Colleague: 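Have a look at this one before I ask anything.
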Amino acid sequence: MLETVKDLLQEVKEFSPNSEEEVEVFRLKFLGKKGKMNELFIAFKNIPNESKKEFGQAINMLKQNAQEKVEEFKGSFEAEEKRKQIDFTRPIALNNLGSRHPISLIKDQIIDIFNRIGFSISEGPEIEDDWHNFSALNLPEEHPARDMQDTFFIQTDPDLLLRTHTSSVQVRHMNNNKPPIRTLSPGRVYRNEAISARAHCIFHQVEGLYIDENVSFADLKQALLYFAKEMFGEKTKIRLRPSYFPFTEPSAEVDVSCNICSSKGCNVCKYTGYLEILGCGMVDPNVLENCGIDSNKYSGYAFGMGIERIAMLKYGINDLRLFFENDVRFLKQFSSL
Ligand code: PHE
């Protein structure tokens, strides 16, 4: 009898299944209701007393080993079965992939274009003080041009406000750096405007500043022509109209030729053939002096544009509010795939 148990122990030891079915057959053979173990426990009753101890130990060991084998292999073929059913050549499901926001896309494009002619990035705070947003930029208190940009002031501190343009970053940059300066300031700006298809209380700007010896208006014009061609296409023309900004003199507004109608006139360009994209000018010597730069030695140009405006022209979007509503049906259209 003991010999039989020893043989079974050996069989259990050598058991190495190849499938889930084999494990189940093994389990039934040893541990099932009509299995070997039950047979042996029944036979145990008839074992002479003096052998009971040895036989008992042997069948307990057999049971334990059989259980361990089942534990070891049970379910281990399931994962493999599932793996066999996977089709690894199937393309991955892309339907829930996100897309970049058009404002980010255009911002990066503008940065990239100016990077190529030596502009680097500077950033600053969105909550700004009066000096950096206005006074340093030749807009002293009570200056009527402050009304050009309707401002959100911080109620608890009349000196603080939400920046109305990123020119404030340029002031900070001039304070902390010596010419030559070539810097680009992208960022979010705030103005107290009623929200409509054409205006919003939050929008994004990129402003540029170049200061060195002998910087001229021709340099400004050339840089802007280069930008317009890179952004809107090789055939793009620009047009500068005299304008007014307190921090630049002379100042201009820049239009690009309408690429929707090839300047023939359409409802987007209001039959003028041109679209306004930015403001610019030669930095007013007062601004340079306010920021610790010798205006006799240095001159510079500055420009500023709204990213939303460029994105609207580039993508043919006719309502500014779409940029802020986060409607996936709108955003999905800018997926890069
Ligand atoms: N800061 C101006 C604005 O926000 C834009 C601008 C920048 C104009 C630099 C001229 C020069 O309207």
Side-chain angles (χ1 to χ4, degrees), residues 103 107 110-111 114 119 121-126 128-140 143-152 161-174 181-193 198-211 215-225 227-228 238-256 275-288 290-291 293 295 298-310 320:
I103 296 299
K107 182 186 81 180
I110 298 170
I111 290 172
F114 281 104
F119 282 78
I121 308 293
S122 52
E123 284 177 320
E126 290 178 22
E128 205 30 294
D129 55 44
D130 186 283
W131 168 259
H132 289 95
N133 196 81
F134 288 130
S135 300
L137 289 159
N138 215 19
L139 276 152
H143 194 292
R146 285 194 177 204
D147 288 347
M148 284 167 79
Q149 302 175 351
D150 265 330
T151 310
F152 287 116
L161 46 87
L162 297 181
R163 69 181 179 196
T164 57
H165 48 189
T166 56
S167 306
S168 55
V169 182
Q170 305 185 329
V171 171
R172 288 178 180 275
H173 193 81
M174 284 188 275
I181 286 172
R182 251 197 225 105
T183 184
L184 209 59
S185 313
R188 200 181 293 157
V189 299
Y190 303 83
R191 290 186 199 175
N192 189 7
E193 305 232 16
R198 297 174 57 88
H200 210 291
C201 54
I202 304 174
F203 61 100
H204 299 78
Q205 278 191 328
V206 176
E207 296 215 355
L209 175 73
Y210 176 34
I211 297 171
V215 177
S216 71
F217 202 89
D219 296 326
L220 170 62
K221 202 176 162 189
Q222 195 55 38
L224 295 177
L225 180 63
F227 166 71
I238 60 168
R239 183 173 82 173
L240 277 72
R241 284 176 289 106
S243 185
Y244 171 77
F245 297 103
F247 27 85
T248 46
E249 180 59 34
S251 305
E253 261 159 321
V254 179
D255 302 339
V256 291
L275 298 155
E276 185 191 324
I277 59 158
L278 58 83
C280 65
M282 301 306 291
V283 182
D284 192 299
N286 284 345
V287 175
L288 295 178
N290 285 343
C291 299
I293 292 172
S295 64
Y298 295 106
S299 56
Y301 65 66
F303 57 86
M305 66 188 100
I307 303 180
E308 281 80 358
R309 172 101 184 127
I310 306 282
L320 191 71

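Whatever order the structure lists ligands and atoms in, that order sets their numbers, starting from 1. Computation of the quantities below employed the complete heavy-atom set of this structure, encompassing side-chain atoms and omitting hydrogens, waters and symmetry-equivalent molecules. What you see is a predicted model, and the numbers here were worked out from it, not measured in a lab.
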Colleague: Using a 4.5 Å cut-off on heavy atoms from C-beta on, say whether the side chain of F245 contacts that of H165.
Modeller: no
Colleague: Non-hydrogen atoms closer than 4.0 Å to ligand 1: which protein residues do they belong to? List them by chain and number, please.
Modeller: Q149, H165, S167, R191, Q205, E207, F245, F247, T248, G279, C280, A302, F303, G304
Colleague: Is the closest side-chain donor-acceptor distance between E308 and H204 under 3.5 Å?
Modeller: yes
Colleague: At what distance, to the nearest 0.5 angstrom, does CG of N133 lie from CD of E128?
Modeller: 6.5 Å
Colleague: Let me confirm one number: the CZ-CD1 distance from F227 to I238, rounded to the nearest 0.5 Å.
Modeller: 10.5 Å
Colleague: Check whether more than 12 heavy atoms from other residues, nucleotides or ligands sit under 6.0 Å from atom CD of Q222, and answer yes or no.
Modeller: no
Colleague: Do other residues, nucleotides or ligands put more than 12 heavy atoms under 6.0 Å from R198 CZ?
Modeller: no
